[in-house]
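I have placed the structure first, in the form of structure tokens, so that the comments after it can refer back to it.
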Amino acid sequence: MADKRAKRIAKFIKPLRVKPGTSVDLRDFDPRYKAGMKKRDGVGLLETGVSLLAEYQARLAAQDTHGVLFCLQALDAGGKDGTIRHVMSGVNPQGVRVSSFKVPSAEELDHDYLWRYARRLPARGEIAIFNRSHYEEVLVVRVHPELLERQRLPESALGAGVWARRYREINNWERHLTDNGFTVVKIFLNLSKEEQRTRFLKRIDLPEKNWKFSAADVRERRYWDDYQGAFSEMLSATSTPWAPWYVVPADRKWFARICAAAVLAHALIKIDPRYPVVGEEVHRELMAARLDLEAEAPEGEPADPYAARHRT
Ligand code: AMP
Ligand code: MG
């Protein structure tokens with residue numbers, strides 16, 4: 001049964017995976033793709049995914065040997081916040097840590113570019129979510145070269161090879177993490193330019209969405225083609241066997257959320273965390289404690305009311 005679920009999920013997400021070593025052109029990915037699914041059917045599927053995540057997260061926390069880093073990248077209005085809200089709605093908040101990365105602070109700029117992300121990595125047993133991630137360092141920083149200048153790098157760290165070097169460093173960093181028990185899961189919410197326009201208009205027209213919009217978002221939209229190029233190159237260079245990218249069609253929010261849940265569930269299923277089974281000695285201690293507790297039972301009461309309740 002569990003195996004059947006796992007197989008279905010693996011099959012579902014396969015078309016979204018960027019095959020390591022291939023050259024990606026984002027124009028080949030359709031933001032409106034929905035695997036022939038109807039929104040109506042999607043509701044139940046997301047619920048299944050959410051409860052599966054809850055189950056696996058509890059096991060991940062109990063086992064306490066592996067951690068998961070879930071990175072979300074997208075352009076403005078791509079749906080990162082909503083995806084996090086929906087996909088993680090069933091999991092125990094104690095086991096999840098969400099970090100959003102904005103324009104770096106002076107302190108952050110005073111360190112190497114991976115520093116601020118490293119500080120937010122998951123502990124064993126945890127899922128850490130990166131709302132934007134270290135990939136901004138080869139996206140927004142690439143599209144706006146003045147941001148690279150602000151990083152005050154020495155001459156030797158700049159030059160034409162800077163992006164290829166960053167790809168390599170990021171790949172190595174993720175390799176180091178996976179080798180040490182931390183699975184790195186990466187999704188890119190792939191939004192069309194037209195759908196971004198629609199969502200911006202909604203943010204302008206609906207008062208409760210106004211806070212989400214800034215004039216800078218429209219300025220950033222002018223760099224659309226540059227971003228598409230930067231994303232394409234980044235996906236080609238950093239989809240690795242140990243940490244592949246998934247391109248999630250994002251024009252339909254409901255479908256994007258199912259995909260995100262499925263990709264994360266797939267990673268957890270692969271880890272296959274188990275509740276620890278206690279050793280013989282601890283088991284003997286448990287049995288001894290049980291006898292003591294039973295002996296304390298008030299007169300006329302069952303020695304074990306819990307068992308009595310559950311026997312019926
Ligand atoms: P939002 O996610 O809408 O709150 O916006 C966060 C802003 O921070 C976006 O405009 C990002 O482009 C920007 N940002 C995130 N990471 C970096 C970075 N490493 N360098 C410069 N800007 C960044
Ligand atoms: Mg924004």
Side-chain angles (χ1 to χ4, degrees), residues 26 69-88 97-121 128-153 157-158 162-163 165-167 169-171 173-174 184 186-191 193 195-204 206 208-235 237-238 245 248 250 253 256-257 260:
L26 262 190
L69 172 61
F70 188 32
C71 303
L72 286 95
Q73 282 295 150
L75 286 175
D76 289 310
K80 298 186 299 298
D81 297 326
T83 299
I84 294 170
R85 196 169 65 242
H86 281 83
V87 171
M88 306 312 285
R97 195 142 53 116
V98 185
S99 301
S100 300
F101 296 99
K102 316 257 172 193
V103 178
S105 69
E107 190 194 17
E108 288 167 346
L109 287 171
D110 231 7
H111 293 81
D112 77 275
Y113 72 92
L114 288 178
W115 182 75
R116 67 171 182 160
Y117 309 97
R119 299 175 83 205
R120 301 290 182 158
L121 287 173
I129 298 177
F130 280 6
N131 183 346
R132 300 186 188 269
S133 69
H134 47 296
Y135 283 98
E136 292 295 340
E137 304 294 336
V138 291
L139 294 167
V140 68
V141 180
R142 182 167 192 177
V143 170
H144 299 284
E146 66 276 15
L147 294 176
L148 190 64
E149 268 165 48
R150 286 185 61 209
Q151 296 191 348
R152 310 212 320 272
L153 291 160
L158 293 164
V162 60
W163 307 116
R165 214 191 61 235
R166 284 196 173 191
Y167 294 146
E169 287 161 352
I170 288 172
N171 287 343
W173 189 54
E174 293 177 355
V184 183
K186 310 183 294 204
I187 64 168
F188 166 53
L189 298 171
N190 186 30
L191 187 72
K193 197 172 182 187
E195 180 62 21
Q196 189 193 52
R197 193 178 72 91
T198 307
R199 291 186 190 176
F200 278 173
L201 285 170
K202 209 164 169 186
R203 287 179 181 190
I204 292 166
L206 299 179
E208 71 276 19
K209 288 203 184 258
N210 283 173
W211 67 274
K212 274 214 156 199
F213 186 79
S214 83
D217 291 347
V218 175
R219 279 200 297 278
E220 214 49 21
R221 182 175 160 83
R222 292 190 203 128
Y223 294 91
W224 183 271
D225 292 341
D226 294 344
Y227 271 109
Q228 297 296 301
F231 269 110
S232 298
E233 251 194 61
M234 174 279 270
L235 292 166
T238 61
W245 272 103
V248 168
K253 289 179 180 175
R257 288 163 190 170

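For ligands, and for the atoms within them, numbers begin at 1 and follow the listed sequence.
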With a 3.5 Å cut-off and sequence neighbours excluded, list the donor-acceptor pairs that the side chains of residues 99-110 form with protein atoms.
{"unit_1": "S105", "atom_1": "OG", "unit_2": "E107", "atom_2": "N", "d": "3.4"}
{"unit_1": "S105", "atom_1": "OG", "unit_2": "E108", "atom_2": "N", "d": "3.1"}
{"unit_1": "E108", "atom_1": "OE1", "unit_2": "S105", "atom_2": "N", "d": "3.0"}
{"unit_1": "E108", "atom_1": "OE1", "unit_2": "R116", "atom_2": "NH1", "d": "3.2"}
{"unit_1": "D110", "atom_1": "OD1", "unit_2": "R152", "atom_2": "NH2", "d": "3.0"}

Practice task
Examine ligand 1 and decide if any of its atoms is less than 4.0 Å from a heavy atom belonging to H134.
Solution key: no
Exercise for the section: Have a look at ligand 1 and work out which part of V141, if any, has a heavy atom under 4.0 Å from it: side chain, backbone, both or neither. Expected result: side chain
Problem - Interatomic spacing from OG in S214 to CZ in R203 - rounded to 0.5 Å - result: 9.5 Å
Practice task
Look at E146 together with R150 and state whether they make a salt bridge at an N to O cut-off of under 4.0 Å.
Solution key: no
Practice task
Not counting sequence neighbours, which residues clear side-chain hydrogen bond (donor to acceptor under 3.5 Å, both in side chains) with Y117? List them please.
Solution key: E137
Handout entry: R132, any N or O under 3.5 Å of ligand 1 N or O
Key = yes
Fill in the blank from the handout: Smallest heavy-atom separation, L189 atom then A256 atom, equals CD2-CB, 4.3 Å
Problem - Ligand-side contact atoms (ligand 1) for residue partner R116, heavy atom cut-off under 4.0 Å - result: 16 (N), 17 (C), 18 (C), 19 (N)
Fill in the blank from the handout: Quick look: A216 vs ligand 1, heavy-atom contacts under 4.0 Å, and the answer is neither
Exercise for the section: Tell me which part of F213 gets within contact of ligand 1: side chain, backbone, both or neither, using heavy atoms under 4.0 Å. Expected result: neither
Practice task
May I ask you to check whether E137 has an N/O atom sitting below 3.5 Å from an N/O atom of ligand 1?
Solution key: yes
Exercise for the section: Record the part of E136 in heavy-atom contact with ligand 1 below 4.0 Å; permitted values are side chain, backbone, both and neither. Expected result: side chain
Problem - Residue from L148, V141, L147 passing side-chain contact (heavy atoms from CB on, under 4.5 Å) with H144 - result: L147
Problem - Check: H134/E169 side-chain N/O donor and acceptor closer than 3.5 Å - result: no
Problem - Note, K212 side chain near D81 side chain (heavy atom, < 4.5 Å) - result: yes
Exercise for the section: Run the numbers for me: atoms of ligand 1, each under 4.0 Å from some heavy atom of Y117, listed by number. Expected result: 19 (N)
Fill in the blank from the handout: A student checking ligand 1 against V140 at a 4.0 Å heavy-atom cut-off should list atoms 12 (O), 17 (C), 18 (C), 20 (N), 21 (C), 22 (N), 23 (C)
Handout entry: Residue-ligand contact Y135/ligand 1, heavy atom below 4.0 Å
Key = no
Handout entry: Per-atom contacts, ligand 1 versus L147 - under 4.0 Å to a heavy atom
Key = 21 (C)
Handout entry: ligand 1 to V103 polar contact by distance, N or O atoms, under 3.5 Å
Key = yes
Exercise for the section: Answer yes when R166 and D112 have at least one side-chain N-carboxylate O distance shorter than 4.0 Å, and no when they do not. Expected result: no
Fill in the blank from the handout: Looking at A74, G78, P104, the heavy atom closest to atom 21 (C) of ligand 1 belongs to P104
